[in-house]
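The next block holds one structure in the form of structure tokens; read it before the comments.
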Amino acid sequence: MHRHRAGAMHQSNKPFKSRHASKGTLKEKSKGKVNRSAIKQGGAKVLAKHDRRHAAKMAQANKREEVMRVHRVFEGRQGAPKIVPVLSLCPDSNSPSAISSLYQALDQQPPEDATVPSLLHAERFKQKLQLFPLRRNFIDILDAFKVADYAILLLSADVEVDQFGINCLLGILNQGLVNVVPVVQYMNNVPAKNQTSVKKSLLAFVQQFFPEQQHLYSLDTPSDAMNVLRYLTSQRPKPLVWRDLHPYLLAEDVTYEPENEATGLLKVTGYARGNPFNANRLVHLQNYGDFQIQQITAADAPAAHNAANAMEQDLQVLDTPRPDEQDDLVAENEPDYMDNEQTWPTEEELAAADERVRRLQEQQAAGTKKRVPKGTSAYQAAWIFDDEDEEYSDIDDDDDDDQDMMVEEDYEDDVIEPAAGAMVADDDEEYEEIEMEKKATQNEDEFDVEEEQRQYEEYLQKRKEEFDGHNEFPDEIDTPMHMPARQRFARYRGLQSFRTSPWDPYENLPVDYSRIFQFENYTRTKSRIVSQAIVGNVKPGRRITLWIQHVPKGAYDMFDVRRPYVVFGLLQYEHKMSLLNLQISRDNAYEEPVRSKDPMILHLGFRRYRVHPVYSQNSNKCTNHVHKFERFLQMGRSSIATVYGPVVFGKVPCMLYKENENDINAPTLVSTGMFMNTDVKRIIAKRIILSGHPFRIHKRSAVIRYMFFNSEDIDWFRPVQLTTKYGRVGHIRDSVGTHGYMRCTFDGPITQQDTVMLSLYKRIFPKWNTELYQGGLITDAQPAAVIDKPIDMDME
């Protein structure tokens with residue numbers, strides 16, 4: 001069916017304009033908004049058929065070249081092997097038997113000791129696999145999966161996955177997932193009629209962690225083992241962005257040349273992966289920290305007929321550091337304590353302050369006069385409110401006063417003034433001025449000390465019963481009676497608006513802030529460093545030797561062929577200390593309360609630290625960059641954890657663990673998340689709420705007690721705004737007596753069951769207590785329980 005379509009030259013008429021569509025009406029309706037006019041560009045160029053075919057062919061070739069570039073790293077005689085750790089999720093899983101079955105599937109002799117890493121040459125697939133059997137050690141498993149290309153997960157048809165296996169799966173998922181191959185063992189021990197249900201149950205368990213996984217593999221027959229090998233060699237490794245941003249290496253051989261009694265030269269040999277290694281950058285050794293590179297040499301695996309030239313190949317220098325470009329080991333800035341801001345007051349300021357205090361003392365000591373009706377005592381006059389002093393008045397009353405004032409000004413000349421003293425005589429008949437008592441004697445209307453203390457204890461007990469388990473106002477605290485509130489809360493301040501009130505981020509900073517580094521533009525610096533990191537002389541996939549200098553002897557003693565020994569290269573500035581903000585969410589399985597500044601083990605990418613994080617709300621609505629401090633990590637919402645630590649670039653995953661004192665191999669996962677930024681201007685404000693109870697109420701005025709216990713504290717906190725739990729806003733007018741009673745005015749009448757609150761804020765800083773976690777150094781840590789039993793395998 002033919003349908004007409006308007007062309008480019010189609011005439012577009014104006015829509016009908018009604019009487020409400022005049023220019024003025026349309027202008028009023030738009031409120032100054034102007035529609036964006038589209039930029040006129042030339043029409044899309046229509047390509048010919050052969051041009052479109054050529055463009056598609058070029059796109060296909062580029063995509064194919066990208067895939068071949070990734071696979072070319074693993075192909076050839078000098079290609080890098082694919083790292084395949086073998087993880088036993090069940091206590092009875094047998095990783096040596098699984099590795100032996102893969103060798104036998106290719107008609108090769110299994111290694112004599114299958115508990116050490118071995119290199120499987122799959123000539124049929126033109127690739128090599130580095131099979132790494134893992135002991136049931138939590139730290140070793142996480143380190144192995146940080147550099148793994150694939151992973152074999154061993155399940156059992158007889159024994160369920162224990163808690164250790166579940167903890168390992170959670171850690172693997174949170175730090176970054178690689179391609180996994182779930183393999184089931186001991187299926188022959190299950191009756192034939194139950195094998196289908198067992199496989200479905202195991203597949204459902206695997207899909208809880210890997211939803212895209214649709215198959216379970218087996219190694220019972222050579223054909224099943226061949227399917228596993230085909231999957232490992234034909235698939236493309238899943239990239240990990242945070243890992244591939246750095247150069248890394250899994251050590252195959254480590255040698256040590258001592259320089260002195262403490263340090264020496266460490267030579268680590270392995271295949272370079274990720275971004276190219278750069279001799280000007282630092283490298284990170286697990287459990288020991290960051291070190292400089294002396295040089296990088298080639299360590300190509302020599303062929304059998306070319307063994308004589310092996311020494312020449314080993315000494316081939318690929319990269320050496322340049323003295324003017326090499327990163328130093330300075331992590332902290334040295335503060336200059338003489339460069340601090342000098343805020344000592346001058347002599348004129350001290351004299352003015354003394355004079356101001358003297359005048360206030362004289363005003364408080366002197367008696368004052370007050371105009372009251374006749375017959376009113378000084379005791380009654382103290383409770384009379386002055387309506388003209390109220391700041392919250394009706395708008396209509398203000399308008400009437402303005403109109404009366406205008407009339408008086410217009411007819412000022414026509415007014416006939418009465419005789420002197422006529423009006424005064426009328427007022428004297430009803431009002432009189434009396435001498436008010438000093439504040440020291442105004443406490444006659446108050447209760448004695450014992451009665452005041454008894455009522456205050458009853459009020460606290462009643463409030464505790466009322467708000468027991470109530471989390472609406474968790475920051476509400478009681479004012480101490482043994483010390484003045486102005487001293488107890490001297491570091492706190494009041495804010496009229498938590499979201500918009502200004503707060504200088506460089507005000508009253510601790511000394512630790514002078515030890516860290518700040519980026520002028522973190523995003524721009526990150527973009528520049530990442531673009532520079534992809535250029536280097538040492539290409540990934542080549543077997544190299546890193547000459548790392550000034551390394552402690554313990555780093556060499558830690559090397560064990562049965563444990564993964566990983567070296568990560570750092571980007572520029574990643575050794576400098578700064579303030580790290582981590583966006584985290586609490587794990588649902590952890591039910592214990594998590595307080596701020598509790599000790600935690602932080603797994604941040606390839607680094608591990610002991611930290612005491614400070615938690616705050618993850619809010620983006622604050623224009624003043626102030627975020628509320630959280631005493632406890634809340635369940636079901638994201639928060640920000642702030643710690644001191646080395647600079648990080650990229651979206652690096654993080655995990656917070658609670659260390660188990662009895663078993664270092666079984667830490668408890670508390671929260672997971674992602675690195676956010678290194679913003680040192682982010683203000684974490686701790687809020688406290690001082691509460692008071694209405695004692696007497698008169699319209700919009702009220703006498704409040706139990707918030708303070710002396711008049712000096714009332715005068716100190718008078719500028720701070722008051723709020724109530726029912727939404728009223730007010731301010732302090734003056735104090736009544738000496739026991740902390742104060743007269744307050746609000747924007748509306750309050751009720752007797754309302755509570756008056758005064759919010760104060762103080763900036764919170766993390767403590768300088770970040771330490772390198774060295775749990776991986778414990779070589780005698782007992783691995784998780786393992787059940788040894790024979791396995792029946794039909795390998796014909």
Side-chain angles (χ1 to χ4, degrees), residues 341 343 390-393 471-479 484-510 512-513 518 579 581 583 596 614-632 634 637-642 676-692 700 702 704 707-708 712-734 742 744-748 750 754-766:
E341 182 181 1
T343 58
E390 296 184 2
E391 293 185 5
Y392 299 98
S393 59
N471 296 325
E472 185 178 357
F473 300 96
D475 302 324
E476 189 172 341
I477 64 174
D478 297 323
T479 306
R486 62 186 181 278
Q487 297 180 7
R488 171 62 180 83
F489 308 117
R491 297 179 59 190
Y492 289 82
R493 69 177 68 188
L495 294 178
Q496 185 175 5
S497 174
F498 184 77
R499 296 186 299 106
T500 60
S501 295
W503 194 323
D504 186 7
Y506 297 106
E507 177 186 359
N508 296 331
L509 295 178
D512 293 338
Y513 260 55
Q518 175 189 1
L579 195 70
N581 296 315
Q583 182 177 351
S596 282
V614 174
Y615 305 119
S616 59
Q617 290 183 355
N618 184 17
S619 56
N620 298 323
K621 299 180 181 180
C622 303
T623 59
N624 54 2
H625 215 16
V626 178
H627 305 269
K628 185 177 177 298
F629 167 76
E630 289 187 343
R631 291 179 172 84
F632 294 89
Q634 302 296 326
R637 67 184 184 190
S638 63
S639 302
I640 302 298
T642 304
M676 190 172 65
N677 55 35
T678 59
D679 189 4
V680 299
K681 295 182 180 180
R682 191 177 190 275
I683 299 175
I684 303 175
K686 177 182 179 181
R687 183 182 71 174
I688 62 171
I689 299 176
L690 305 181
S691 59
R700 290 191 296 268
I704 308 301
M707 181 178 291
F708 302 109
E712 289 79 6
D713 288 343
I714 297 174
D715 295 335
W716 180 271
F717 291 100
R718 182 179 298 175
V720 184
Q721 181 177 270
L722 299 177
T723 58
T724 69
K725 292 187 177 180
Y726 289 142
R728 296 300 182 188
V729 179
H731 68 279
I732 302 174
R733 293 180 56 189
D734 56 3
M742 59 184 182
C744 305
T745 304
F746 298 90
D747 60 348
I750 65 174
D754 205 346
T755 303
V756 181
M757 301 181 298
L758 185 143
S759 298
L760 300 175
Y761 301 91
K762 179 183 69 172
R763 187 173 182 181
I764 296 295
F765 301 94

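Any value given below was found using the heavy atoms of this structure, including those in side chains, with hydrogens, waters and symmetry copies removed.
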Determine yes or no for a side-chain-to-main-chain donor-acceptor pair under 3.5 angstrom, with N581 supplying the side chain and D679 the backbone.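 Yes; judged by distance alone, with no hydrogens or angles, the pair exists.
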
Check this for me: does any side-chain nitrogen of one of K686 and D475 sit under 4.0 Å from a carboxylate oxygen of the other?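 Judged by the 4.0 Å cut-off on N to carboxylate O distance, K686 and D475 do not form a salt bridge.
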
Gap between atom [atom2] of [Y] and atom [atom1] of [X] - 0.5 Å precision:
{"X": "I714", "Y": "M742", "atom1": "CD1", "atom2": "CE", "answer": "6.0 Å"}
{"X": "L758", "Y": "F717", "atom1": "CG", "atom2": "CZ", "answer": "7.0 Å"}
{"X": "Q518", "Y": "K681", "atom1": "CD", "atom2": "NZ", "answer": "6.0 Å"}
{"X": "T500", "Y": "N624", "atom1": "OG1", "atom2": "CG", "answer": "6.5 Å"}
{"X": "R637", "Y": "Q617", "atom1": "CZ", "atom2": "CD", "answer": "5.5 Å"}
{"X": "S639", "Y": "K628", "atom1": "OG", "atom2": "NZ", "answer": "10.5 Å"}

Counting only heavy atoms not in R631, do more than 12 fall under 6.0 Å of its CZ?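 Result for CZ/R631: enclosed.
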
Other residues, nucleotides and ligands only: do more than 12 of their heavy atoms fall within 6.0 Å of CD on Q496?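 Not more than 12 within 6.0 Å, no.
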
Do the non-hydrogen side-chain atoms of [X] and [Y] ever get within less than 4.5 Å of each other?
{"X": "W716", "Y": "F708", "value": "no"}
{"X": "N508", "Y": "R763", "value": "no"}
{"X": "P505", "Y": "H625", "value": "no"}
{"X": "V614", "Y": "F765", "value": "no"}
{"X": "V756", "Y": "T724", "value": "yes"}
{"X": "I640", "Y": "H627", "value": "no"}
{"X": "R493", "Y": "W503", "value": "yes"}

Heavy-atom closest contact ([X] atom, [Y] atom, distance):
{"X": "L760", "Y": "Y492", "value": "CB-CB, 3.7 Å"}
{"X": "A485", "Y": "T479", "value": "CB-CG2, 3.9 Å"}
{"X": "M707", "Y": "L690", "value": "CE-O, 3.5 Å"}
{"X": "H731", "Y": "L722", "value": "C-CD1, 3.9 Å"}
{"X": "V720", "Y": "S759", "value": "CG1-O, 3.9 Å"}
{"X": "E630", "Y": "S596", "value": "O-OG, 2.6 Å"}

Which residues share a salt bridge (Lys or Arg N to Asp or Glu O under 4.0 Å) with [X], sequence neighbours left out:
{"X": "R488", "answer": "none"}
{"X": "R486", "answer": "D713"}
{"X": "R491", "answer": "none"}

Parallel, tilted or perpendicular, judged at 30° and 60°: which one describes the rings of F498 and Y761?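 Judged by the thresholds at 30° and 60°, the geometry between F498 and Y761 is tilted.
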
Mind running side chain to side chain contact (heavy atoms under 4.5 Å, CB included) on D747 and R728 for me, showing each step along the way? CA-CA 6 Å; D747 60 348; R728 296 300 182 188; 3.4 Å; yes

